[in-house]
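Written below as structure tokens is the structure these notes are about.
In this text, all values refer to a predicted model and were calculated from it rather than measured experimentally. Residue numbers begin at 1 in each chain, while the letters A, B, ... track the order of the sequences.
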There are 2 protein chains.
Amino acid sequence: MVRRVGLTPERLALAGAELADEVGFEQVTVSALARRFDVKVASLYSHVRNSHDLKTRIALLVLREMADRAAAALAGRAGKDALVALANVYRDYAHEHPGRYAAGRQPLDPETAAASAGVRHSQMTRAVLRGYDLAEPEQTHAVRLLGSTFHGYVSLELAGGFSHSSPDSQESWTRVLDALDALLRSWPAAPQAPSEPSEPS
Amino acid sequence: MVRRVGLTPERLALAGAELADEVGFEQVTVSALARRFDVKVASLYSHVRNSHDLKTRIALLVLREMADRAAAALAGRAGKDALVALANVYRDYAHEHPGRYAAGRQPLDPETAAASAGVRHSQMTRAVLRGYDLAEPEQTHAVRLLGSTFHGYVSLELAGGFSHSSPDSQESWTRVLDALDALLRSWPAAPQAPSEPSEPS
DNA sequence: GAAACTACCTAAAGCCTTTAGGCAAATGGG
DNA sequence: CCCATTTGCCTAAAGGCTTTAGGTAGTTTC
């Protein structure tokens, strides 16, 4: 008489994401996941290569979930409205699912990253910038600024960086978004290339 | 005949920081540190409470080192010059010492954080903002924006987010700093408080 | 010079990872 | 329907990291 639990890489990643929200991504471990399925540890190794593989799968799941939310939030919005919506997707997701969010910050090797939903994220940031008037390469600089600021803010907030100090974090967040909107509307012109006009370094 | 190596919490933290730069902060472990001193693992437990304590000490060391560099960089500078100098302190430190930088992102419990060099960091960011015309509470919002953007950018960059894509990261970094400078010079006015004028939330 | 302390040690328990090899249930071709 | 294969979970075991308990030999102190 043998129990078959029905493990798959997908179910493991999902359960791992839930576990991350409950106990923190650091504590997500092959052993802990096995306990959660009431199964021996070794059994999981038929479905994930190793601990790192598991974490990568969770990260990819998270990136997909966030991208899906972002796509839904951006539909039918433009300009500052879109900017704020996208920003709030990340922040709200992080607040609702801190463990998942931490998983999403897991570094991926380049090939994995290229095949991940991370690509959709930068496409959506670019979509937001359609509401502003930015040509390349400035658009790319702006994409990077937005990504950095969103994730930097949320990470610091999650780490407790802004708690117990006034003004409260929500207010700063609102003002930061106001500021980014203003910045994108009047993006400063690139300065003259220093010396060699036709061959920028 | 007994070998005395001369372990202290400080030396352990320093060696841990070096180890982090060599093999990554994730791999910094009490065992690895013991090997590095050619000493038995248990011996370290007279000097640090546990693994978490060790990591916290490394984080505090890193925050101090970065604050020292920042203080040196800010001396005699103001305005955009100061802004760029401070930003580059973080970015250069992260590039030179990726493991140490990762250690510095280790979350600290509130009391530890309050007693850390983190306080100096926000003071220095405020000092940079003296070159711009920002009254409270907007100054605090701006401090948070700068901290988020600096650390967000550097983290993404370190995670490989901007590699193998053009324009190169150095160029984006320069333009992001141009943009932040422009933003601080024309910081958008706070919108009207929605309903209760004399009692801002 | 004895007492107390310091700095490192041995021993051991507990948990996590990973690989190897096994057995029963499900599957599917003849 | 039956047997062979595959699938899914198991036991066993080795190796690493953490942490505590208890020892021992220099070193300091009075």
Side-chain angles (χ1 to χ4, degrees), chain A residues 1-61 99-100 102-103 106-109 112, chain B residues 1-61 99-100 102-103 106-109 112:
Chain A
M1 166 101 189
V2 166
R3 256 178 345 111
R4 302 220 159 186
V5 180
L7 304 178
T8 66
E10 292 71 30
R11 289 193 58 196
L12 289 179
L14 185 56
E18 289 163 4
L19 185 57
D21 283 335
E22 291 165 21
V23 303
F25 185 55
E26 308 299 300
Q27 315 304 320
V28 172
T29 189
V30 180
S31 293
L33 211 51
R35 276 193 295 275
R36 170 171 273 240
F37 280 103
D38 197 27
V39 139
K40 295 299 170 185
V41 185
S43 306
L44 299 203
Y45 281 85
S46 313
H47 303 281
V48 294
R49 214 188 324 285
N50 51 36
S51 185
H52 181 263
D53 180 36
L54 171 64
K55 285 173 185 165
T56 299
R57 285 175 191 276
I58 299 174
L60 293 175
L61 169 70
R100 273 173 155 93
Q106 165 91 347
L108 304 176
D109 42 306
T112 310
Chain B
M1 167 97 189
V2 166
R3 257 178 347 110
R4 302 220 159 186
V5 180
L7 303 177
T8 65
E10 292 71 32
R11 288 193 61 194
L12 289 179
L14 186 57
E18 288 163 3
L19 185 57
D21 283 335
E22 291 166 21
V23 301
F25 185 56
E26 309 299 300
Q27 315 305 321
V28 173
T29 189
V30 180
S31 294
L33 212 50
R35 276 193 295 276
R36 171 170 272 241
F37 281 103
D38 196 28
V39 139
K40 296 298 170 183
V41 185
S43 306
L44 300 202
Y45 281 84
S46 312
H47 303 281
V48 294
R49 214 189 323 284
N50 51 37
S51 185
H52 181 264
D53 180 36
L54 171 65
K55 286 173 184 164
T56 298
R57 286 176 191 277
I58 299 174
L60 293 175
L61 169 70
R100 274 173 155 93
Q106 164 92 345
L108 303 176
D109 42 306
T112 309

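- One N or O on the side chain of Thr8(A) and one on the backbone of Arg11(A) form a donor-acceptor pair closer than 3.5 Å.
- With values rounded to the nearest 0.5 angstrom, Asn50(A) atom CG is found 12.0 Å from Leu44(A) atom CG.
- A 6.0 Å sphere centred on CZ of Arg49(B) holds no more than 12 heavy atoms belonging to other residues, nucleotides or ligands.
- The stretch residues 26-43 of chain B comes close to DNA chain C through Val39(B), Lys40(B), Ala42(B), Ser43(B), each having a heavy atom under 4.0 Å from the strand.
- Rounded to the nearest 0.5 angstrom, Leu60(B) CG and Gln106(B) CD are separated by 9.5 Å.
- Closest of all the heavy-atom pairs between Ala59(A) and Ala103(A) is CB-O, 3.3 Å.
- Note that the NE2 atom of His47(A) and the CG atom of Leu7(A) stand 4.5 Å from one another [nearest 0.5 Å].
- A heavy atom closer than 4.0 Å to some atom of DNA chain D occurs in His47(A), these being the qualifying members of residues 47-59 of chain A.
- Here the straight-line distance linking atom CD1 of Ile58(A) with atom CG of Leu33(A) works out to 7.0 Å at 0.5 Å rounding.
- A heavy-atom distance below 4.0 Å to DNA chain C is reached by none of the residues of residues 12-21 of chain A.
- For Leu44(A) and dC10(D), the CG to C1' distance is 12 Å, given to the nearest whole Å.
- Spacing between atom CZ of Arg4(A) and atom P of dT6(D) amounts to 15 Å, rounded to whole angstrom units.
- Of the inter-residue distances, the one linking Arg57(A) atom CZ with Leu61(A) atom CG reads 11.0 Å to the nearest 0.5 angstrom.
- Remark: C1' of dT19(D) and OH of Tyr45(B) are 5 Å apart, rounded to the nearest angstrom.
- One distance of note links CG of Leu54(A) with NE2 of His52(A); it measures 10.5 Å at 0.5 Å rounding.
- Closest heavy-atom contact between Val41(B) and Ala34(B): CA-CB, 3.7 Å.
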